[in-house]
Amino acid sequence: MSEEEKYIEEQEEKNYSASNIQVLEGLEAVRKRPAMYIGDTHVKGLHHLVSEVVDNSIDEALAGFCDRIEVFIGEDNSITVRDNGRGIPVDEHEKMHKSALEVVMTVLHAGGKFDKGSYKVSGGLHGVGVSCVNALSDYLRAEVRRGGKVYMQEYSKGLPTSGDVKVVGDCLEEEHGTTIIFHPDASIFSTTVYEFDILSNRLRDLAYLNAGVTLSITDLRTKDENGNPRTESYYSETGLDEFVRYIDGNKEALIDDVIHIKSKKGDIPVEVAMTYNTSFNENIYSFVNNINTIEGGTHLTGFRRGLGSTLKKYAEDNKMLEKAKVEIKPEDFREGLTAIISVKVLEPQFEGQTKTKLGNTEVIGAVETAVRDALNNYLEEHPNQAKTVVEKVILAAQARHAAQNARLKVQRKSPLAGGGLPGKLADCSSKDPAESELFLVEGDSAGGSAKQGRDRRFQAILPLRGKILNVEKAMDHKVFESDSVVIIFRALGVTIGTDEDPKEANLSKLRYHRIIIMTDADVDGAHIDTLLMTFFFRRMRPIIENGYLYIATPPLYRARTKKGNKEEYCWDEVQLRKFIDTYAGGNEDGVTVQRFKGLGEMNPEQLWDTTMDPEHRLLKRVNISDAAEADRIFSMLMGEDVEPRRRFIEENATYATIDT
């Protein structure tokens, strides 16, 4: 590119005005079918609104015009997002004959991100963006600081309510940026209460993915003893290598280095950070234009190809595999690996509106080449670390061979167990996974009550004896030698290995779409819950990602008036106090309270009424809002290192409810 062409391109980037805003279609469908645009209308969709606004600010950062983004949660659960970017253009749009700000805020698929001169890459190329947020908010205010003026327009449910865009004040010439204030529409969302941790974790990820940008979040609903609101601020100097160290903070490092790869292949910038730890789990997180691609895609495929082929060739060339009596496969190089892949793609093709899997085939070669070239250099320059990694790979291959025999237990049909199903399983009569439920029940006595109380048509019961193996600390072959693990695999119909990944859980023959953990409401029950959630997170993560895993919540109390004319089950102290106040005038002596110490204390009818009946039960669905943070927490709570666990307990002890 000549100097003149570079100058013209730079001017096109800087001259961000109404002519850069391209309009593709209107906004009518968003309020009718909001789930099509933001995933759902529950907790996930609610928080996705904030991501859409923040992503616009990140687009300004990617273009080089923004280095500070602030998020505020208001006392009324409104959200304010403020950046120091160029500010949304406010001049008249040529086609629409109204301010470009109003076009961006009220027309779906309108924005500078569709004009390649304005943004090289952008996260929201499905284009719902801030106009979708506007459509799903009962109030939204947009303020733009640009050219020494402050411009403003207000909206409700996608429509302007304050007339045309107007000047409401002056600012310094050097001041610039956009502020969006919105309140989600309660007629659309099942909840409008924002969770600080979900938003904070997302901003933390964005700070690591965009080195040099400061992101902060302030919760005005929560104040300390001095009246100061809860605040977190994130900034990363170097980006992904700091991200990897954060994720692996609770794991023992195999090599001290984080291998940080920065490259550009064609028009695709590729950044990868990776290291190895002594665990047996693989943790890879992939991003495209800052979007977390949960299901992976072509960039993940390219990374795995580059990693496996490069490490294997290095080991063979250096005759490091001669002592290994097993064949080394690419998946063996992934055990104990933590990696983050971030690519920037000009026109990403995502599978589905939720943007969870990248489809651009040209990305495979770009990532594979970048990883292969950089990794070759690292291995040649660091022979000691290379030797350590290869030795772990050989150990992983040997464990894989041992696990293959053990894994046959999961997939083999046993004539004694009725077509491969475990003998303790009380199956349901329905063969439709969509309506079938499996209860994983603590203990034989509770399992007996559950078997008697269930609806046999669609509810299956699997009693669990004792505590399941802690898979966080176990190698593959140990996992598949564990009877408690094998029983769950066989009951669910899950096998290991898919067309894309030989280590992935295969759900093609999954027999139940609701898997419900049902344990006692005590410390042991909570421990079993945690062990089972660790098992599903590490060994059957697609179960959680598809929304199939639940936790049952049995009541803690049965309250009954002394006169016997009123009886209710209570799930917590608040409900119990309300019952006493309502039916006994606040007099505890007027009420008989039964405290349930375990599921086995309930008869089958009580267990059905309170915990198993779909009409009355309370189920908690297990979701992964942030896989990287979940990995860090599981490693801390269930791993070998005691010190991080002790710190966590000390910091959170005041929030715990201890049953004495």
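Atoms considered below: every heavy atom in the structure, side chains included; atoms not considered: hydrogens, waters and symmetry mates. Residue numbers start at 1 and run along the sequence shown.
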Asker: Does the ring pair (Phe, Tyr, Trp, His ring centres under 6.0 Å) test come out yes or no for Phe535 and Phe489, once each step is laid out?
Answerer: CA-CA 11 Å; Phe535 165 71; Phe489 267 100; 5.8 Å; yes

Asker: Identify the heavy atoms of Lys312 and Ile328 that sit nearest to each other, and give their distance.
Answerer: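 Looking at all heavy atoms of both residues, the closest pair is NZ-O, 3.1 Å.
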
Asker: Passes salt bridge (charged side-chain N to carboxylate O under 4.0 Å, His left out), Lys251 versus Asp248? Steps please.
Answerer: CA-CA 5 Å; Lys251 301 185 181 81; Asp248 265 16; 3.4 Å; yes

Asker: Considering non-hydrogen atoms only, spot the tightest contact between Leu358 and Val343 and give its length.
Answerer: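 Heavy-atom minimum between the residues: CD2-CG2, 4.5 Å.
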
Asker: Side chains of Val272 and Phe303, heavy atoms from C-beta outward: is any pair under 4.5 Å?
Answerer: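 Side-chain contact under 4.5 Å: yes.
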
Asker: For the atom pair CG (Leu549) and CG (Leu619), what is the distance rounded to the nearest 0.5 Å?
Answerer: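 Taking CG in Leu549 and CG in Leu619, the distance rounds to 10.5 Å.
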
Asker: If you take all heavy atoms of Leu462 and Ala491, which pair is closest and at what distance?
Answerer: CD2-CB, 3.9 Å

Asker: For the side chain of Asn546 and the backbone of Tyr548, is there at least one donor-acceptor N/O pair under 3.5 Å apart?
Answerer: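 No, because the side chain of Asn546 does not come within donor-acceptor range (under 3.5 Å) of the backbone of Tyr548.
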
Asker: Met518 and Leu440: side-chain contact (heavy atoms from CB on, under 4.5 Å), yes or no, with the steps?
Answerer: CA-CA 6 Å; Met518 189 162 71; Leu440 301 175; over 6 Å; no

Asker: Check step by step if side chain to side chain donor-acceptor pair (under 3.5 Å) holds for Asn210 and Asn290.
Answerer: CA-CA 8 Å; Asn210 300 276; Asn290 293 313; 3.0 Å; yes

Asker: Do the side chains of Lys467 and Asp524 get close enough for a salt bridge, i.e. N-O under 4.0 angstrom?
Answerer: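 Looking at Lys467 and Asp524, the cut-off is met.
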
Asker: For a ring pair (Phe, Tyr, Trp, His ring centres under 6.0 Å) check, start with the C-alpha distance between Tyr194 and His47, then their side-chain angles and the critical distance, and finish with the verdict.
Answerer: CA-CA 7 Å; Tyr194 281 98; His47 292 80; 5.2 Å; yes

Asker: Is the backbone of Glu442 close enough, under 3.5 Å, to the side chain of Thr519 for a donor and an acceptor to pair up by distance?
Answerer: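 A pair under 3.5 Å: no.
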
Asker: Strictly below 4.0 Å, N to O, side chains only: are Arg204 and Glu629 in salt-bridge contact?
Answerer: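 Salt bridge flag = yes for Glu629 with Arg204.
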
Asker: Inspect the contact between Asp427 and Arg511 and indicate whether a charged nitrogen and a carboxylate oxygen are less than 4.0 angstrom apart.
Answerer: yes

Asker: Would Arg514 and Glu437 count as a salt bridge (charged side-chain N to carboxylate O under 4.0 Å, His left out) if you check the C-alpha gap in whole Å, the side-chain angles of each, and the deciding distance to 0.1 Å?
Answerer: CA-CA 5 Å; Arg514 276 198 187 89; Glu437 304 178 342; 3.7 Å; yes

Asker: Check the orientation of Phe243 and Tyr246. Use parallel for under 30°, tilted for 30 to 60°, and perpendicular for over 60°.
Answerer: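 The arrangement is tilted - the two ring planes meet at 30° to 60°.
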
Asker: Answer yes when Asp197 and Arg230 have at least one side-chain N-carboxylate O distance shorter than 4.0 Å, and no when they do not.
Answerer: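 Salt bridge between Asp197 and Arg230, a charged N being under 4.0 Å from a carboxylate O: yes.
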
Asker: Dump the intermediate steps for side-chain contact (heavy atoms from CB on, under 4.5 Å) on Val71 and Leu203, then the final yes or no.
Answerer: CA-CA 9 Å; Val71 177; Leu203 296 184; 3.9 Å; yes

Asker: Would you sort out whether Asn283 and Arg632 count as a side chain to side chain donor-acceptor pair (under 3.5 Å), showing the intermediate values?
Answerer: CA-CA 10 Å; Asn283 291 292; Arg632 194 182 72 85; over 6 Å; no

Asker: Ignoring hydrogens and angles, tell me if any N or O in the side chain of Trp571 forms a donor-acceptor pair with the backbone of Leu556 under 3.5 Å.
Answerer: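 No, because the side chain of Trp571 does not come within donor-acceptor range (under 3.5 Å) of the backbone of Leu556.
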
Asker: Can Glu282 and Lys503 be counted as an ion pair, charged N to O under 4.0 angstrom?
Answerer: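 Answer for the salt bridge query: no.
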
Asker: Evaluate the criterion side chain to side chain donor-acceptor pair (under 3.5 Å) for residue pair Glu271 and His260; output intermediate values, then yes/no.
Answerer: CA-CA 8 Å; Glu271 186 176 4; His260 196 177; 2.7 Å; yes

Asker: Verify, without hydrogens or angle tests, whether Thr293 (side chain) and Glu295 (backbone) share a donor-acceptor contact under 3.5 angstrom.
Answerer: no

Asker: Decide side-chain contact (heavy atoms from CB on, under 4.5 Å) for Ser233 and Thr214; before the verdict, give the C-alpha distance in whole Å, the side-chain angles of both, and the deciding distance to 0.1 Å.
Answerer: CA-CA 7 Å; Ser233 183; Thr214 300; 3.8 Å; yes

Asker: Has Ser200 got a side-chain atom pairing as donor or acceptor with Phe196's backbone, closer than 3.5 angstrom?
Answerer: no

Asker: Can you tell which of Asn277, Asn281, Thr275 makes a side-chain hydrogen bond (donor to acceptor under 3.5 Å, both in side chains) with Thr338?
Answerer: Asn277

Asker: Taking atom NZ of Lys620 as the centre, report whether more than 12 heavy atoms of other residues, nucleotides or ligands fall under 6.0 Å from it.
Answerer: no

Asker: Glu242 and Ser236: side chain to side chain donor-acceptor pair (under 3.5 Å), yes or no, with the steps?
Answerer: CA-CA 7 Å; Glu242 291 183 8; Ser236 176; 2.8 Å; yes

Asker: Tell me, yes or no, whether the heavy-atom count around Glu252 atom CD, taken from other residues, nucleotides or ligands under 6.0 Å, exceeds 12.
Answerer: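 Result for CD/Glu252: open.
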
Asker: Show your reasoning for whether side-chain contact (heavy atoms from CB on, under 4.5 Å) applies to Met274 and Val244.
Answerer: CA-CA 7 Å; Met274 55 175 282; Val244 166; 5.9 Å; no

Asker: Under the salt bridge (charged side-chain N to carboxylate O under 4.0 Å, His left out) rule, what do Glu331 and Arg334 come out as? Steps first, then yes or no, please.
Answerer: CA-CA 5 Å; Glu331 61 262 33; Arg334 289 156 40 192; 5.4 Å; no

Asker: Inspect the contact between Asp55 and Arg202 and indicate whether a charged nitrogen and a carboxylate oxygen are less than 4.0 angstrom apart.
Answerer: yes

Asker: Test your reading of the model: is there a side-chain donor-acceptor pair from Asp257 to the backbone of Ile259, 3.5 Å cut-off?
Answerer: no

Asker: Taking all heavy atoms of Tyr234 and all of Ala207, pick out the closest pair and write down the distance.
Answerer: CB-CB, 3.6 Å

Asker: Return yes if some donor-acceptor pair links the side-chain N/O of Ser482 with the main-chain N/O of Lys478 below 3.5 Å, else return no.
Answerer: no

Asker: Kindly say whether Ala426 contributes a backbone atom to a donor-acceptor pair with the side chain of Arg454 at under 3.5 angstrom?
Answerer: yes

Asker: Roughly how far, to the nearest 0.5 Å, is the CG atom of Asn289 from the CG atom of Leu209?
Answerer: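 Here the rounded value is 11.0 Å.
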
Asker: Within this structure, what is the CD1-CD1 distance for the pair Ile488 and Ile515, rounded to the nearest 0.5 Å?
Answerer: 9.5 Å

Asker: Is it true that, when you exclude Asp224 itself, more than 12 heavy atoms of the residues, nucleotides or ligands shown sit nearer than 6.0 Å to its CG?
Answerer: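 Yes, CG of Asp224 has more than 12 neighbouring heavy atoms, counting only those of other groups under 6.0 Å.
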
Asker: Near Arg465 CZ, under 6.0 Å, is it more than 12 heavy atoms from other residues, nucleotides or ligands?
Answerer: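 Check fails, neighbour count at 12 or below.
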
